[in-house]
Amino acid sequence: MINFKDKIAALLVETVKGISETEIRDMIEIPTDSKMGDYAFPCFKLAKLLRKAPPIIAQGIAEKLQGNEIFDKVESVNAYVNMFLSRNLFMKELVSGVAEQRDNYGSTNIGNGRKVIVEFSSPNIAKPFHIGHIRSTVIGNAIHKIYEFLGYDTIRINHLGDYGTQFGKMIVSYRHWGNEEDVIREPIKTLLGYYVKFHEEAEKNPALEDEARDVFTKLENGEAEEVKLWQWFRDESLKEFNRVYEMLGIEFDSYAGESFYSDRLDSVVNMLKDADLLRESEGAQIVDLEEHGMPPALITKKDGSSLYITRDIAAAVYRKEHYDFYKNLYVVASQQNLHFQQWIKIIELLGYDWAKDCVHIPFGLVSLEEGTMSTRQGRVVFLEDVLTRAVEQTKDIILEKNVNTDNLDVTAKQVGIGAVIFQELSNNRIKDYVFSWDKVLNFDGETGPYVQYTHARAASVLRNGGESVNQALAESEQANMDYITGDTAYELAKLIYRFPEIVIEAGEKYEPSIVTRHIVDIAQVFNKFYHDEHILVQDEEEKKAKLLLVFAAKQTIQNGLQLLGIEAPERM
Ligand code: ARG
């Protein structure tokens, strides 16, 4: 497909001497008001170079561009050259490009096979996979898909929280008050109960804390009984997590969690020692970060046990050795900003230049309408319950509205889960938000179901178009798009044309909501087009031209939803 901005830059460089094509390209603007053209070129900066007044320069350029086949019209308005593309050429380029690229429309190869690690989800063993984890899970999955679409070789890592002193607590609590059947029947809720119980009891009996520490040390030393329990808790928890991942359609390439690095922790301590970064403080080992405006990082405790940060340093070094990543991305809540700043700084102080390639991608907090969540107090919303409820309620809505589906259960799952994912990815990730059932399941407005419904509507038009669609697609390069004259159609075409750039921008900013908002825009303009224009008209050529645009819109919405990890039903 022609890149019109590049093409215009190439034309301009012939008319304006003494300035590079890239500079020119960067100066080209897309006017917010389409009355000022599809592209505009401001001439202020050229005044010095050409020793002429900007409006005179603009006028000269406009005259030279006038008559080029890629434009319908070129005007100069004050210091600007306003360029209106040939609508026929532009739309033909677009629809034939999408017809050719199909599922790949919007993908590029800027990644060139470079390795990008996306670490996301990373729940804690024996703790609930709650609504707070959905953010990391869903944002991380979308970032992975976007990077893959941009030609990177991505690796999805689930850095499970499967290590740490809390396992000592859990085991102690299980031994005092637990039983096997409960754990098997309902692992996480039961284990969480043990954890809550431990804290209640420990308030009355502080000796329990020591007991838990001992048990954890045994676990670290690999004592059979403790390891067995830990392994069992981990397996049971993973079964539950996998149920959620399955519902969301999410997979990982590696589940190397915190415990995976347990035999590399000594080497981290030695590295820090060798680099003269370790200090002793009240029996503990720390890295002083005062010079860098941060509190000290605790590397080992008095009793020699490691910490969360130690394991992150070990993990990053391992990943560099093992994967030789181009980028190592961490999709983790903004509450952990300081933690990431600290350990990435330590990697830098160790002299690793790849510290700059470790990127924390933070996101805002989810709170419940009744306040923030607290694992210790058992105030959580379980993600699995949210998804199940969303699917159930979607089923009711579909039945109530008498919506036509291929299969009620499948569609309810696609739409219900899609709704939850979509609303997660609708706002800038850094924004905090309050989880509310009403909002998740509101099927009007800028929601997942609305976009999915628009997609299904386009699919239905194409079904009704029958053989004309196949013919149009096969001969898309000969399409006569002059039949489509409406401004809405042109606006729709422009939005579809921008999709590849949108994907690049979303990747650069690690911001899937840029894709979400763009497909909402496409859906809205598509619906306007659908209402404004009669699509399945008598005239075969006109019908084909319109069907090609419908096809392009449908394909782009589908590709966008795919990047977000949402299904695009053909009927609903
Ligand atoms: N398990 C942690 C939690 O639930 C998140 C892990 C984040 N990743 C990391 N490399 N520190 O809070």
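Note that this is a predicted model, so its numbers are computed, not measured. Atoms within a ligand are numbered from 1 in the order they appear, just like the ligands themselves.
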Could you pull out the closest heavy-atom pair between Phe363 and Ile139, with the gap in Å?
-> CB-CD1, 3.9 Å
How close do Trp343 and Ile309 get, heavy atom to heavy atom, and via which atoms?
-> CB-CG1, 3.6 Å
Provide the number and element of each atom of ligand 1 under 4.0 Å from a heavy atom of Val332.
-> 7 (C), 8 (N)
The atoms of ligand 1 lying under 4.0 Å from a heavy atom of His159, numbered in the order shown, are 8 (N), 9 (C), 10 (N)
Of Ser121, Pro123, Ser122, Ala315, which has the heavy atom at the shortest distance from atom 2 (C) of ligand 1?
-> Ser122
Proximity winner for atom 11 (N) of ligand 1, if only heavy atoms of Trp343, Tyr330, Tyr308 are counted | Tyr308
Nearest protein heavy atom with distance in Å, relative to [atom]:
atom                    : result
atom 12 (O) of ligand 1 : Gln336 NE2, 3.1 Å
atom 1 (N) of ligand 1  : Asn124 OD1, 2.6 Å
atom 10 (N) of ligand 1 : Asp312 OD1, 2.7 Å
atom 8 (N) of ligand 1  : Glu119 OE2, 2.8 Å

Side chains of [Y] and [X]: any donor to acceptor distance under 3.5 Å?
X      : Y      : result
Ser513 : Asn427 : no
Tyr245 : Asn158 : yes
Tyr330 : Gln336 : no

Does any N or O in the side chain of Thr310 come within less than 3.5 Å of the main-chain N or O of Leu307, such that one atom is a donor and the other an acceptor?
-> yes
Ignoring hydrogens and angles, tell me if any N or O in the side chain of Thr137 forms a donor-acceptor pair with the backbone of Ser121 under 3.5 Å.
-> no
Would you please determine whether His133 falls within less than 4.0 Å of ligand 1 on a heavy-atom basis?
-> yes
For ligand 1, which part of Leu160 has a heavy atom less than 4.0 Å away: the side chain, the backbone, both, or neither?
-> neither
